[in-house]
Structure formats: structure tokens, C-alpha cells
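For this chain, numbers begin at 1 and follow the sequence in order.
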Amino acid sequence: MDSRSHTPVTAALRLCLHALLTGLLALVAVRAVGEGAPHAGAVVALTLVTAGVYGAGALAGRPGPARATSVQPEGRARALAASMRPGTRAAALWLAALCALWLGLLVLSPDALWVAFPLYFLQLHLLPTRWGVPAVVVTAAAAITSFVVHRQEIAPGAFIGPLLGAAVAIATVLGYDALFRESERRRELIVELVATRAELAEAERTAGTLAERERLAREIHDTLAQGLSSIQLLLRAAERTLPGDAPAAAHVRAAREAAQANLAEARSFVRALTPPDLEHGSLAAALERLCARTTGPDLTVRFAVSGTPVELPTPYEVALLRTAQSALANTVRHARAGRAEITLSFMDTSVALDVVDDGQGFEPSGAPVAERGDGGFGLPAMRSRAATLGGTLSVESAPGQGTALAVTLPLAGPRRSQERAA
């Protein structure tokens, strides 16, 4: 028996049951010998056999896996039963042998009536409820019949005692079952809460890592990469104005090559820190995958590209992708929309991202999202991101009329040439 699967309370209950059955069997044998019963030798022999069968079953018992791990429909996960049964079939045969030996004792001695009380608990623990309760009733009837046959009289105590013991045993075991099921439900809930907390912590760490990667990529691109690109352009211009045999020409050329090498290194850092959705394709492909992931039974999201696509700087791609992700997240959580569309438009001097849904809408002139109590900061973050890149964010919405969000980033001719050179 693996005692680690039982609490101190259940271990004490098992010991009490063992002591009760052993004591009652000893009482039957002692009274048969002390009173000089006609079959005293047979009674003693039968009590010893009963005690041996019970002890062998108790020592050979092993906890059942179903009782230790989950709540079964009939609530049979009891530690007492698990501690004494090697298996369901073997436990039933062991219990049948004990009951048969007890019936033999009932025939020989009226004192065997008291052994019925520990048998009640064994029957209720080892048998399903649909069989355990009838077995207890039959055992009580056998005890009452034995008393009447041996005493040759009908007394109220002969009926009340066994029936009251059976009722107490049934109430105790069923109550224990209910408590055990409740304990298992609480344990499973705690396990689920712990797992959910770990998942949330992991998600927060992932989000923090991605945000930091994005910030570093933007900072490197906007500072180091742009600075090195400007230095390279200025050195190239200086190299063209210097005569070929000028002493400073070699130094200017070496400085330009060093700036070019460091610019390539900075670009590799930016590419390594690019968001995962942009690592395996263009912005359009990332937005298309985002729409496919968001589409579900209650929401259909479509994606379209307008104009001639051009290569965008990494900060632009990151800003547009994050804006689309945040806008769709708001649509899923708050809009109750059935359809949404994302359009990426390339124009001569700007690039625009439009997110439109047919949801319940809201009043844009009302309180900011952060002040409405839902804990969201989506629109302020999107507006700040667009302003950082010199762009604008506009929101058109009304209650019951859906929402249209548009972010526009400038791509002026000199700006685009400079970004491409970077």
C-alpha cells in the first residue's frame, strides 16, 4: 500500500476500520469460548479464517489510479477503498469471501451480528453506489434475521440497531464522496489558474520582448543608420570635390568606406530586430496573414492593396503592422462586427492604411479610451506612433454605424530617396 496517496485523516480512518473489524471478530471468538457455545471451536476457527482473509486483502491492496487522479461519475475515488483493493474485480471477490465467512459466523453465533457494521463501510467503498446501497440493506436484513433466529424473540433493538448503523454508514460514505468531489474540483481549478497565470506571464514576457525589439530597431534606424547614411553622402560629396591627387582624398575615401561598413552593420541589426511577422515576407503578406488569423465564425476580415507597392522603411512597416493589429484587436473585443476590411494604399507622396468594420461603433468625441475604464490605450498609442513618423491618424465612427480608422505616413520624393539610400 502506497501511503503517500492518502492524507493522515484517511490513514486514521483505515486504522480505525481495521481495529473495529479485528476487535469485533475477537469478541465473537471470546464470547463463544467463554459461554461454552456448542460450536465454540468452529466459531474460533471461522473467526481466524475471516481475520486472515481480511488481513491478506488489506495488505495486498493498492491505490487505484482512477481514484487518485480524477473524479469518476459515481464518485468512487475513495482513499479507504483504494488502500485495500488490488483491482476492481479482485476487490469484489475479496468482499464476497468476507461476506460469505460472516454469514457462516451468523449461523454459528449471534454475536457475529456486530461485524455487520464494518462490513457496511467496506461494501459502500468497494462497490458502486447502485450496488453498495442494496448490499448494505441485504447485510442489515441478514443481521436482523440472525438475531431473531438465535434469540427466538422480536425486539425493537434488533431492528433499530442494524438499520441505524446502515443509515449512518450510507450517510457517512456519501458525504465523504461529496466532499472528495468538491475537493477535486477545487484542486483542478487551482491547477488551471496556475497554468493560466504562467501563460499570461509568458505572454507578457513575449510582448515585452517584441516591444523592446521594435523600439531598438526604430532607434537604430532613426539615429545610427540615418546618421551613418548622411555621413556617407557627405563624404561622397567631399570626395568628388577634392582633386584626385589631394592628400586628404585617401582619408576621405577611408572614412566613407568605414561609414558604409558600419551602415551595413546597423542595417543587419535592424533586420534582426524586425517583428517576426515581417521577417518572412513583405508588409502586404504580413497583413494578409493577420487577416487570415483574425477571421473566424463571427468575423470575416478581408485585405486589399491599392496602388503600386513600393519598398517601405522598416519603421513604417512596423508602425503600419502594429496599427492594423491594434485596430483588429479593438474590433474583435469591442465592435461586435461581422465584417472588417484592411486596405493598404500606396500613393505618390504617402502610404495609408485603412481599417473599416461594420460594428456597433462609438462616439470619437467622447472620453478617451484610457478614461472609459476598460484599460485600453489603443488609439492614443496608434496616434503617437503615427505622429512619431510624421503621419496622422483619423477615426470616423458613430454609434451603430461602424468604425473607419486611417493612418497616413508621408513618402515625399526626397524623403523616399533618402530612405531608400538608407
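E239 has no carboxylate O lying under 4.0 Å from a charged side-chain N of R236, or vice versa, which leaves the two without a salt bridge. Here R205 pairs with E202 in a salt bridge; the nearest charged N to carboxylate O distance falls below 4.0 Å. Electrostatic pairing of R185 and E188 does not count as a salt bridge here, judged by no charged N lying under 4.0 Å from a carboxylate O.
To the nearest 0.5 Å, atom OG1 of residue T408 and atom CG of residue D354 are 7.0 Å apart. For the atom pair T392 OG1 and L409 CG, the distance stands at 8.0 Å (nearest 0.5 Å). Atom CZ in R339 sits 8.0 Å away from atom CZ in R302 (nearest 0.5 Å). Atom CG of L17 and atom CG of L119 lie 9.0 Å apart (nearest 0.5 Å). A distance of 8.5 Å separates CZ of R385 from CG of L389, quoted to the nearest 0.5 Å. E192 contributes atom CD, which lies 9.5 Å from atom CD of E199 (distance to the nearest 0.5 angstrom).
A side-chain donor-acceptor contact under 3.5 Å links N262 to the backbone of A258. Between the side chain of S326 and the main chain of T323, no donor-acceptor pair closer than 3.5 Å is present. Side-chain N or O atoms of T388 include one that pairs as donor or acceptor with a backbone N or O of S384 at under 3.5 Å. The backbone N or O of F362 sits less than 3.5 Å from a side-chain atom of S397, completing a donor-acceptor pair. Checked by atom type and distance alone, the side chain of N330 never pairs as donor or acceptor with a backbone atom of A335 at under 3.5 Å.
In this structure the side chain of L353 never reaches within 4.5 angstrom of the side chain of T343, judged on heavy atoms. A 4.5 Å side-chain heavy-atom check between M382 and V407 finds every atom pair outside the cut-off. Inter-residue side-chain proximity for V318 and R322 is flagged as met; some heavy-atom pair is nearer than 4.5 Å. Two residues are said to be in side-chain contact when any heavy atoms from C-beta on lie closer than 4.5 Å; W94 and L126 meet this criterion. For the pair L283/Y316, no side-chain contact is recorded, criterion being any heavy-atom separation below 4.5 Å from C-beta on. Between L290 and V301 the shortest side-chain heavy-atom distance does not fall below 4.5 Å. A heavy-atom distance below 4.5 Å is not found between the side chains of V351 and V310. Put simply, the side chain of T50 does not reach to within 4.5 Å of the side chain of V115, judged on heavy atoms.
Qualifying side chain to side chain contact (heavy atoms under 4.5 Å, CB included) partners for L103, counting only residues two or more places apart in sequence or in other chains: L106, A142. Every residue meeting the side chain to side chain contact (heavy atoms under 4.5 Å, CB included) condition with V49, not counting sequence neighbours, appears here in chain and number order: V53, L101. For the salt bridge (charged side-chain N to carboxylate O under 4.0 Å, His left out) test, no residue two or more places apart in sequence or in another chain qualifies with R336.
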- Task: Begin from the C-alpha positions of V173 and Y120 and carry the test side-chain contact (heavy atoms from CB on, under 4.5 Å) through to its verdict.
- Result: CA-CA 10 Å; V173 172; Y120 292 157; over 6 Å; no

- Full working for side-chain contact (heavy atoms from CB on, under 4.5 Å) between T331 and T294: CA-CA 10 Å; T331 299; T294 309; over 6 Å; no

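The minimum heavy-atom distance linking V395 with R383 is given by the pair CG2-NH2, 4.4 Å. Shortest non-hydrogen contact noted between W102 and A143 is CH2-N, 4.1 Å. Of all the heavy atoms in A352 and M347, the pair that sits closest is CB-CE, 3.7 Å. Between G361 and T403, the shortest heavy-atom distance links the atoms CA-OG1, 3.7 Å. Minimum heavy-atom separation, A337 to D357: CB-CB, 4.0 Å. Looking at every heavy atom in both residues, P243 comes nearest to A249 through O-CB, 4.0 Å.
The local environment of CD in E257 is crowded, with over 12 non-hydrogen atoms from other residues, nucleotides or ligands closer than 6.0 Å.
A parallel orientation is assigned to the rings of W114 and F117, their planes being inclined by less than 30° (bins at 30° and 60°).
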